[in-house]
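Right, one structure below, let's go through it.
As the structure is a computational prediction, the values presented were derived from the model and not from experiment. What's counted below: heavy atoms across the whole structure, side chains too, no hydrogens, waters or symmetry copies.
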Amino acid sequence: MISNEVQRIYDPTFTVTPEYKESLPDLQNGPASLIEGANVPIQQVGISNFKLPLKFSRREGDPVTLEASVDGYVSLEMDKKGINMSRIMRTFYKFQDKVFHLDRLEEILKAYKEDLESQESFLRISFNYPLLMDSLRSGMKGYQYYKVQLEGRLDNYGQISEIHASRF
């Protein structure tokens, strides 16, 4: 019986040589003939769940730095073959030292669209926000962590089609 499952075997003796590297096709910068398939737009390409510390506004004054998870995506016209995924992170890193809020999302979405020459852009920043709360019975205080998402989308007309914060 023949298995249709793809088997992946890692050769521990394999070494990348200059000749091997030279033999690999450059799909992004090479001719379109290297890529098989239909010449169609790419609806969504990007990176999900890259983590980094970000500063967020607080009502009490100074911003708080929290671990955040970032999802960043763009759509590409049909003549684009794809993108180097690190470009999404590099564009985001331009804003990493700024305080995050909903207006900052719009700035990043516009930067994604411009830097990656995309039609649309999408961004989601997720984090747990700590609040010191009174306990119901003992009168003591303790931290409650609230899951928060800041999310936005910039459409192909350059308009913000949705931008919001949610707690779940």
- line: What one should report as the nearest heavy-atom pair of I88 and G72 is CD1-O, 3.6 Å
task: To the nearest 0.5 Å, tell me how far D103 CG sits from L150 CG.
output: 11.0 Å
- prompt: Hey, what do you get for OG (S69) to NZ (K147), rounding to the nearest 0.5 Å?
  reply: 11.5 Å
- request: Compare every heavy atom of P130 with every heavy atom of Y143, then report the nearest pair and how far apart it is.
  value: CD2-CB, 3.8 Å
message: Filter on salt bridge (charged side-chain N to carboxylate O under 4.0 Å, His left out), then keep only pairs touching residues 114-129, sequence neighbours left out; what's left?
response: D71-R124, K80-E117, K94-D115, R124-E151
Least distance between heavy atoms, A68 atom then I125 atom: CB-CG2, 4.0 Å
- prompt: How long is the span from the OG atom in S118 to the CG atom in N156, to the nearest 0.5 Å?
  reply: 10.0 Å
- request: Indicate, with yes or no, if Y145 and L132 share a hydrophobic cluster defined by side-chain heavy-atom contacts under 4.5 Å among Ile, Leu, Val, Met, Phe, Trp and Tyr.
  value: yes
- prompt: Looking at CE of M89 and CG of N84, how far apart are the two atoms once the value is rounded to the nearest 0.5 Å?
  reply: 10.5 Å
What pairs of donor and acceptor atoms, side-chain ones from residues 135-142 against any protein atom, are under 3.5 angstrom apart with sequence neighbours left out?
residue, atom, partner, partner atom, Å
S135, OG, S138, N, 3.3
S135, OG, S138, OG, 2.6
S135, OG, G139, N, 3.1
S135, OG, M140, N, 3.3
S135, OG, M140, O, 3.3
S138, OG, M140, N, 3.1
K141, NZ, D134, OD1, 2.7

query: Heavy-atom distance under 4.5 Å between the side chains of L52 and V70, does that happen here?
result: yes
message: Is there a path of hydrophobic side-chain contacts, each under 4.5 Å between heavy atoms of I/L/V/M/F/W/Y residues, joining V148 to V99?
response: no
field: Ring centers of F122, Y112 separated by less than 6.0 Å
entry: no
message: Could you check whether any side-chain heavy atom of Y146 comes within less than 4.5 Å of a side-chain heavy atom of N128, counting everything from C-beta outward?
response: no
Check: P41 and E77 side chains under 4.5 Å, non-hydrogen atoms: no
- request: Determine whether V45 and Y73 make a side-chain contact, defined as any pair of heavy atoms from C-beta on separated by less than 4.5 Å.
  value: no
query: Within a radius of less than 6.0 Å around CZ of F14, do more than 12 heavy atoms belonging to other residues, nucleotides or ligands occur?
result: yes
- prompt: Does E107 pair with R104 as a salt bridge, N-O distance under 4.0 Å?
  reply: yes
field: Distance-minimising heavy-atom pair for K113 and D155
entry: NZ-O, 2.7 Å
message: Are there over 12 heavy-atom neighbours, none belonging to E60, within less than 6.0 Å of that residue's CD?
response: yes
- prompt: Could you give the distance from OG (S75) to CD (Q119), rounded to the nearest 0.5 Å?
  reply: 4.5 Å
message: For M85 versus G46, what's the shortest heavy-atom pair and its separation?
response: SD-O, 3.5 Å
query: Does the side-chain contact (heavy atoms from CB on, under 4.5 Å) test come out yes or no for R87 and R90, once each step is laid out?
result: CA-CA 5 Å; R87 291 179 63 202; R90 288 193 311 251; 2.9 Å; yes
message: Per the salt bridge (charged side-chain N to carboxylate O under 4.0 Å, His left out) rule, what does the pair list look like for residues 42-56, sequence neighbours excluded?
response: none
field: Reported NZ-to-CG distance for the pair K110 and L123, which is rounded to 0.5 angstrom
entry: 14.0 Å
query: Can you find a heavy atom in the side chain of T65 that is under 4.5 Å from one in the side chain of L54?
result: no
field: Residues I108, F100; criterion side-chain contact (heavy atoms from CB on, under 4.5 Å); working and verdict
entry: CA-CA 10 Å; I108 298 169; F100 279 79; 3.4 Å; yes
message: Please report whether the ring centroid of F50 lies less than 6.0 Å from that of F92.
response: yes
field: Minimum heavy-atom distance between L109 and S121, given as atom pair plus value
entry: O-OG, 2.9 Å
message: Taking CD in Q96 as the centre, count heavy atoms belonging to other residues, nucleotides or ligands within less than 6.0 Å. Is the count above 12?
response: yes
message: Could you check, using the six-membered ring where one of them is a Trp, whether F127 and F56 have ring centers closer than 6.0 angstrom?
response: yes
